Amino acid sequence: MTEHSPDSPAQRYDAALADSIETTWQQRWKEAGTYHTPNPAGPLTDGPTNGPADLAERPKLFIMDMFPYPSGTGLHVGHPLGYISTDVYARFKRMTGFNVLHTMGYDAFGLPAEEHARATGEHPRANTEVNIANMSRQLARLGLGHDDRRSIATTDETYYRWTQWIFSQIFNAWFDESAGKARPISELESEFETGLRETHVGPPWSALDDAAKRTLINQYRLAYVSEAPVNWCPGLGTVLANEEVTADGLSDRGNFPVFRRPLKQWMMRITAYAERLLADLDLLDWTDSIKTMQRNWIGRSEGAHVDFRVPTAADDSGEVATIRVFTTRPDTLFGATYMVLAPEHPLVDNLTTSAWPEGTKPSWTDGAATPAAAVAAYRAQSSQMTDLDRQENKVKTGVFTGSYAVNPVNDASIPVFIADYVLMGYGTGAIMAVPGQDERDWEFAEVFDLDIVRTVEPPADFDGDAYTGAGRAINSGFLDGMEIDDAKRAMIDHLVEIGAGESTVTTKLRDWLFARQRYWGEPIPIVFDADGNARSIPDSELPVNLPDLIDWAPRELDEDSEPEPPLGRATDWTTVELDLGDGLRSYKRDLNTMPQWAGSCWYYMRYIDPISDDVIANPVSEKYWMGGDNPEEGGVDLYVGGVEHAVLHLLYSRFWHKVLFDLGHVSTPEPFKRLINQGYIQAYAFVDDRGIYVEASDVVEVEGQYEFEGKRVERQYGKMGKSLKNSVTPDDMYRDYGADTLRLYEMFMGPIDQDRPWETKSVVGSQRLLQRIWRNLIDEETGELTIADVAVPDDLNRMLHRTIDAVRNDMNELSFNTSIARITELNNELTKLDGPTPTVVADALVRMIAPLVPHVAEELWSRMGHVDSVVYAEFPTADPALLVDDHVEIPVQIKGKVRSRITIAADADEESTKAAALADPRIIELLDGAEIRKVIVIPGKLVNIVA
RNA sequence: GCGGACGUGGCGGAACUGGCAGACGCGCCAGGUUUAGGUCCUGGUGUCCGAAAGGGCUUGGGGGUUCGAGUCCCCCCGUCCGCACCA
């Protein structure tokens, strides 16, 4: 640790003194359990030793940080920004009468530990534990007031047991559309049993054997196995959720290519919740940008299904083939001059004719001899293309299938194409093309020489192609003359009448692909019986632990390979003897693990109660901390984390929470009431002439240029981190300044939600403030207190109370940068004072800094003679009488420009203020007898004279 | 292309419902303490004109509403983020 400079005073607040103060108090807090937060019931009802007796009876406040993955590379100063913010807020709230729950856990399953294992041979669990220990140490040194009894890791057996339990809950539930909520699967069975509900196809329930019943029931479950095109990522050896694939067709993590291929996989029926996930955003105190991102991701759109018959083709059951499309513009149906199916659409084979029909235009065939050849070639070509290729190739392509469909409103015969601009993953995978009102369809129609019929009248001056704006219907039979909304309604009514369609709602959101073919995750608590039906493992048998594997890494895989779960290699483990109600039998285990999102979907529940082993969390504590008495307003009171989780984590977590809510396990419909996205810490980075990043800390500035080892380097700017080689570690800051200075600096840099540039040279400003506060209370030579019980000068007293008022407000608004500015101003006044600092001022000052810089505040508090911790001291309250001055100085403007100032009584009325302004010598001089047209007086604020 | 956020000194930023733009800090300048440097202390610091008093200009650009606009409205310009052939 840093030594005192030999000539600096013995009791100067420098890095060495800060270090000893900080480590001392961290030890004492630990011993006293200062941050132990009492639960109202069940486990953990104890508060801190010598803490407030009434803590558990106080109003609650539940504060959370998005919990981190315990990385092996350690922290840089950007990581704890959010943690410090929540800590300051939590401490402030403790001092203003709240029982505050704040702790920290680790999202410890996941790929990096597994990759590390592959590289080093070290078991992921061992590596994970080392990383957690290191990260805990770095965070503890910051003095965060976490209740460490509640710290959890998703890899704890006592934790993932409940992650698996939730999976079982979801598996054993179905979504009742009429009730709009999930219900236990047993209720579905009894509805079938009693005949209340009919099996939708095939024989009645009573005619089914057990296996057939299970197969039927499985189709309803919220967690289900389906064979569907999935995102296969050979580079990671696993399949991925849609949300984990970028627009470029690469994996979110690692940037590996992702391929679409059909596979049997676990899915979660999140689409059933789309409406509620959308509607309940209104209950939340989140930023508009995050809400918008969620809305866009869910992508709800209202429209209609329309069925087009193809008289010349049959579907697989021998009926006349019908192409169902989704459209948001049923009003334009008269302008539908052709149709397009996605190349992967299941009807394509049925529609593809053996020969080109009469009237086929040459451009429709792509030069192929038959439709079958053209379709096969086109499908092969489009399946090779990545999403990126598709984006780059904006020219419309496609081929004719040889079939014609019938437009249900005018019986027109319209050609059916396949083209890759129609996506199988949205709507029905087929469209009616209306080139007159859709730009994409217009482009396609131009390339393939198809008819274009306008069905909405464009304005007279419109000279574009497709017209998508408002207007009256034309060329549309019974719709002619109607505005779009009326025409939509009329058309839907008509479609219903003729049995060719209905109104419907489509979402972009797809069901959540939940299985991963990796080792280091929660095993899915499912076994398969001899009939191949999935059965959940009874709660009493949980957790399902991972087998000990020597060879856990995925094998080298290529695009054509099958995903191969590593768990399949644990041959002893893959089969299990269980009694699932019909005697002891042998079952095959599910070999997949859960995605990393699973553990982070519900961790707030175990923060509330990490101990109970008979329930997921004690229900009384759950209701207390989540605010279940007022469900609509309930949820975690403050959740702080990075904006990168705007869709993935926050959508999955809300979904799980809603299922648990429907099943009665939680008391609120939403998990996180208020969400704030903290900004990132950015820093300068430097590249040499080869374009390679050099260690930023070794770059020197020479005459406005930057040099690394004597060579010119170019300065850039970006998010702090390993890849830009511009990290600054908190350990260096503890050594050079102390944790309190680091905390203060990070909070002073700017508003919580804004990115900010790190400048190590500026940290000294925050240290100076602490030094000056220290010097105002402590003699630097002797260490004696320099405060005294003297009267506070009136001016200082008023300033003190104005400061208290402002700081209280600002802290409540999480505006810590302005709080610190106000505290600085007060302290600057104290510095100017002749003589000792009045005790009342010192007392308030220490209380006010306590949330920001808890160690030095605690030290000063203790030196001032207090035995109890400052952590639960009361935050000062301003005396309203001292916030108003008897006299105020206000500006006098002439035509909006400040020309003079007058001092008037604070409660002076309009008349007397006006008189005082007009009597001011300076004003008289400047007006110079000019005619006064108007005088605006804002009492107590200003006077504006219009002359 | 669509959607969202934002633009204030050399830098980070402040300014409640329209009412003294630039709080607070970094940096810089000057002075003091010190053997010197650093630390520490005091003062100054948007910009232009002026010796000063004082005045002009100024919140990305342009227009508007208003006695008064960083703040409200319209049109541009720029930066960042999300989505992207979504029917």
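These numbers were taken from a predicted model, which means no experiment stands behind them. Residue numbers begin at 1 in each chain, while the letters A, B, ... track the order of the sequences.
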- [ ] Just jot down the ring-ring contact (aromatic ring centres under 6.0 Å, His included) partners of Phe444(A), sequence neighbours excluded, or say none.
- [x] Tyr338(A), Phe417(A), Tyr421(A), Phe448(A)

Task: Cationic N near anionic O, under 4.0 Å, Arg295(A) to Asp282(A) - done: yes

Open item on the list: Assess whether a salt bridge exists between Lys488(A) and Asp331(A), defined as any Lys/Arg side-chain N lying under 4.0 Å from an Asp/Glu carboxylate O.
Closed with: no

Take atom [atom1] in [N] and the same atom in [M], then report the distance between them in whole Å.
N	M	atom1	value
rC67(B)	rG13(B)	C1'	31 Å
rG27(B)	rC77(B)	P	40 Å
rC24(B)	rA15(B)	P	14 Å
rG32(B)	rA36(B)	P	11 Å
rU65(B)	rA51(B)	C1'	43 Å
rC81(B)	rC29(B)	P	36 Å
rC6(B)	rA30(B)	C1'	38 Å
rG10(B)	rG22(B)	C1'	14 Å

Whole-Å gap separating [atom2] ([N]) and [atom1] ([X]):
X	N	atom1	atom2	value
Leu744(A)	rC26(B)	CG	P	12 Å
Glu780(A)	rU39(B)	CD	C1'	11 Å
Tyr745(A)	rG13(B)	OH	P	10 Å
Arg768(A)	rC40(B)	CZ	P	5 Å
Ile894(A)	rG55(B)	CD1	C1'	14 Å
Leu883(A)	rC16(B)	CG	P	18 Å
Gln767(A)	rC40(B)	CD	C1'	12 Å
Lys508(A)	rC85(B)	NZ	C1'	12 Å

Per-pair distances, 0.1 Å, donor-acceptor, side chain in residues 805-812 of chain A, under 3.5 Å, sequence neighbours excluded:
unit_1, atom_1, unit_2, atom_2, d
Arg808(A), NE, Pro876(A), O, 3.1
Arg808(A), NH2, Thr877(A), OG1, 3.2
Asn809(A), ND2, Asp805(A), O, 3.3
Asp810(A), OD2, Thr818(A), OG1, 2.9
Asn812(A), OD1, Lys93(A), NZ, 2.9

Short side-chain N/O contact to [N] OP1/OP2 from [X], under 4.0 Å:
X	N	answer
Arg899(A)	rG54(B)	no
Arg295(A)	rG82(B)	no
Lys934(A)	rC67(B)	yes

TODO: For RNA chain B, just give me the dot-bracket, please: Watson-Crick or G-U, both distances below 3.5 Å, ( ) intra-strand, [ ] crossing earlier pairs, | paired with another strand, . unpaired.
DONE: (((((((..(((......[....)))((((((.......))))))((((....))))..(((((..]....))))))))))))....

Under 4.0 angstrom, heavy atoms only, what part of the nucleic acid is [X] near: base, sugar-phosphate, or nothing?
X	answer
Thr428(A)	nothing
Asn809(A)	nothing
Arg510(A)	nothing
Gln754(A)	sugar-phosphate

Task: Protein-to-nucleotide contact annotation, 5' to 3' order, nucleotides 19-24 of chain B [B base; S sugar-phosphate only; - none; under 4.0 Å, heavy atom] - done: BB--BB

Open item on the list: Can you work out whether Ser766(A) or Gln771(A) has the more 5'-proximal nearest nucleotide on RNA chain B?
Closed with: Ser766(A)

Open item on the list: Both Arg772(A) and Lys761(A) contact RNA chain B. Taking the nearest nucleotide for each, which residue is further toward the 5' end?
Closed with: Lys761(A)

Task: Sequence-distant partners of Glu813(A), salt bridge (charged side-chain N to carboxylate O under 4.0 Å, His left out), two or more places apart - done: none

- [ ] Return the orientation label for the Tyr745(A) and Trp758(A) ring planes: parallel under 30°, perpendicular over 60°, tilted otherwise.
- [x] perpendicular

TODO: Give the ring-plane orientation class for His645(A) versus His649(A), where under 30° counts as parallel, over 60° as perpendicular and anything between as tilted.
DONE: perpendicular

TODO: Syn or anti for rG9(B), please, going by whether the chi angle lies within 90° of 0.
DONE: syn

Open item on the list: Pair Arg300(A), Val505(A) - check side-chain contact (heavy atoms from CB on, under 4.5 Å), show working.
Closed with: CA-CA 7 Å; Arg300(A) 181 184 196 276; Val505(A) 170; 3.6 Å; yes

Open item on the list: Restricting to non-hydrogen atoms, name the atom on Val348(A) and the atom on Pro343(A) that form the minimum distance, rounded to 0.1 Å.
Closed with: CG2-O, 3.9 Å

Open item on the list: Which residues pass the side chain to side chain contact (heavy atoms under 4.5 Å, CB included) test with Ala274(A), not counting sequence neighbours?
Closed with: Ile298(A), Thr507(A), Leu509(A)

Open item on the list: Counting neighbours of CD on Glu780(A) that are heavy atoms of other residues, nucleotides or ligands and sit closer than 6.0 Å, is the number greater than 12?
Closed with: yes

Task: Residue Met749(A), side-chain heavy atoms: nucleotide from rG4(B), rG12(B), rU39(B) that is nearest - done: rG12(B)

